[in-house]
Amino acid sequence: MATEGVGPTPGEYIKHHLTHLTNHGDKQSSIVDFSYINVDSVVIASLLGLLSVFVLWLAARKATSGVPGRFQAAVEMLVEMVESQAKGVIHNAESRKLVAPLALTVFVWIFMMNFMDMLPLDLLPKLWEGYYASTGHDPHHAFLRVVPTADLSTTLGLSTSVLLMCLFYNIKIKGLGGWAHELVCAPFGTSKNPVWAVLLGMVNFLMQMIEFVAKTVSHGMRLFGNMFAGELVFMLIALLGGYAALSLGGGLLFVGHLIAGTVWTLFHILVITLQAFIFMMLALIYLGQAHDAH
């Protein structure tokens, strides 16, 4: 990763931090290769998912009808917020029994994954690098990314799951025949003329497919783009601190590093919360659209 006796260049430092730990042990060379699994994203996301469910279960287990403690009050406020948003978008009470808890879990899970960006940038990668070296491997090839939502595979996986839920509710609420009719009759309607009816049906179906794909891709890309950019800013701030340590007159750089790091961290708390909320709201909106007839 670096020239012998010299620390890594900024480009090498960023490249190393943006490389995933994969099942093949090397960097993916093509844009799409389903044989590669980003092990770091899968493991960290799974652990955080279990932690999120455990926290929610703990809140439910310790809930009392009396004066709630701070933890219970915070969880109750979160539950009420999600429930009110679900009621405003999904008018089917039976569907909300599944969708509202799902939205709550998605919000908490994505927030937890986003929050990994608040940890010191080199903390977990350095620990992994030390373990990797202790097992006799080259520490320069000890790759680890700790923010699952800065991985496009994770965010597109989440948005694809929302798409599958939308397809399920389209069929459940409208019936297979009703949904098939909607696919070929919306948004441009149909015609009594058989030729025009076929042509409009093809156009309508194409537009519906484009809509499903566009919503799914944009849903995942929005979360990925914001978290990837935030992670990259933290790397640049870390490099600013590194230059301060290496230069004789680095006092001003060090002060700039502290100020930039503090300001960006405080701002990023808002970003990670907002991105979790936006993803949850878009999921509710898309599921609500699946309940509505065009």
Side-chain angles (χ1 to χ4, degrees), residues 1-33 35-45 113-156 220-268 271-272 275:
M1 186 177 70
T3 308
E4 185 177 355
V6 181
T9 65
E12 291 171 337
Y13 177 83
I14 292 175
K15 182 180 178 181
H16 183 81
H17 274 280
L18 292 180
T19 304
H20 284 281
L21 171 65
T22 68
N23 57 324
H24 290 296
D26 58 352
K27 186 178 180 180
Q28 184 174 322
S29 56
S30 59
I31 297 177
V32 179
D33 188 340
S35 68
Y36 277 79
I37 298 175
N38 294 336
V39 179
D40 43 15
S41 295
V42 172
V43 172
I44 294 174
M113 289 191 286
N114 291 351
F115 192 81
M116 294 298 289
D117 212 8
M118 307 301 293
L119 297 179
L121 182 64
D122 288 306
L123 176 61
L124 294 181
K126 282 296 181 183
L127 292 175
W128 172 245
E129 186 176 306
Y131 170 77
Y132 205 71
S134 68
T135 58
H137 296 87
D138 183 2
H140 292 159
H141 292 87
F143 304 116
L144 182 68
R145 294 187 67 182
V146 300
V147 186
T149 44
D151 178 8
L152 188 58
S153 300
T154 302
T155 58
L156 285 182
M221 287 290 290
R222 181 181 290 102
L223 177 60
F224 160 74
N226 281 277
M227 296 312 302
F228 182 86
E231 186 181 35
L232 194 58
V233 170
F234 275 122
M235 292 179 193
L236 296 175
I237 293 173
L239 286 171
L240 184 64
Y243 273 114
L246 292 174
S247 61
L248 293 176
L252 291 178
L253 286 177
F254 180 72
V255 173
H257 166 75
L258 289 179
I259 294 175
T262 302
V263 171
W264 182 247
T265 300
L266 294 174
F267 176 72
H268 207 56
V271 171
I272 65 175
Q275 288 306 312

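Computation of the quantities below employed the complete heavy-atom set of this structure, encompassing side-chain atoms and omitting hydrogens, waters and symmetry-equivalent molecules. Numbering starts at 1 and runs along the sequence shown.
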>> Testing the basics here: between Pro148 and Ile44, what is the closest heavy-atom pair and its distance to 0.1 Å?
In response: CG-CG2, 3.7 Å
> Could you give the distance from CE (Met227) to CG (Leu232), rounded to the nearest 0.5 Å?
Replying inline: 12.5 Å
> Heavy-atom distance under 4.5 Å between the side chains of Asn226 and Arg222, does that happen here?
Replying inline: yes
> Is the closest side-chain donor-acceptor distance between His137 and Thr135 under 3.5 Å?
Replying inline: yes
> Are any non-hydrogen side-chain atoms of Phe234 and Thr265 less than 4.5 angstrom apart?
Replying inline: yes
> Between Gly230 and Asp117, what is the shortest heavy-atom contact and its length?
Replying inline: C-OD2, 3.7 Å
> Would you say the side-chain atoms of Asn114 and His268 include a donor-acceptor pair closer than 3.5 Å?
Replying inline: no
>> Counting only heavy atoms from other residues, nucleotides and ligands, does the tally under 6.0 Å from CE of Met221 exceed 12?
In response: no
>> Strictly below 4.0 Å, N to O, side chains only: are Lys15 and Glu12 in salt-bridge contact?
In response: no
>> Test side chain to side chain contact (heavy atoms under 4.5 Å, CB included) on Ile37 and His24; report intermediate values, then the result.
In response: CA-CA 8 Å; Ile37 298 175; His24 290 296; over 6 Å; no
> In Å and rounded to the nearest 0.5 Å, what is the OG1 to CZ distance from Thr149 to Phe228?
Replying inline: 12.5 Å
> Going from CG on Leu124 to CZ on Arg145, what distance comes out if it is rounded to the nearest 0.5 angstrom?
Replying inline: 14.0 Å
> Can you name the closest pair of heavy atoms from Asn38 and Ser153 and give their distance?
Replying inline: ND2-OG, 3.9 Å
>> Restricting to non-hydrogen atoms, name the atom on His17 and the atom on Leu121 that form the minimum distance, rounded to 0.1 Å.
In response: CE1-O, 4.0 Å
> What distance separates His141 NE2 from His16 NE2, expressed to the nearest 0.5 Å?
Replying inline: 9.5 Å
> If you take all heavy atoms of Leu239 and Pro10, which pair is closest and at what distance?
Replying inline: CD1-CB, 3.8 Å
>> Measuring only between side-chain heavy atoms, which start at C-beta, is Met118 closer than 4.5 Å to Ile272?
In response: yes
> At what distance, to the nearest 0.5 angstrom, does OH of Tyr13 lie from CG of Leu18?
Replying inline: 10.5 Å
> Looking only at heavy atoms, what is the nearest atom pair of Asp151 and Ser41, with distance?
Replying inline: OD2-OG, 2.8 Å
>> Less than 4.5 Å apart, side chain to side chain, heavy atoms only: is that true for His20 and Val39?
In response: no
>> With a 4.5 Å cut-off on side-chain heavy atoms, are Leu21 and Trp128 touching?
In response: yes
> Do Leu223 and Thr154 touch side chain to side chain, with heavy atoms closer than 4.5 Å?
Replying inline: no
> Hey, what do you get for OH (Tyr36) to CG (Asn23), rounding to the nearest 0.5 Å?
Replying inline: 8.0 Å
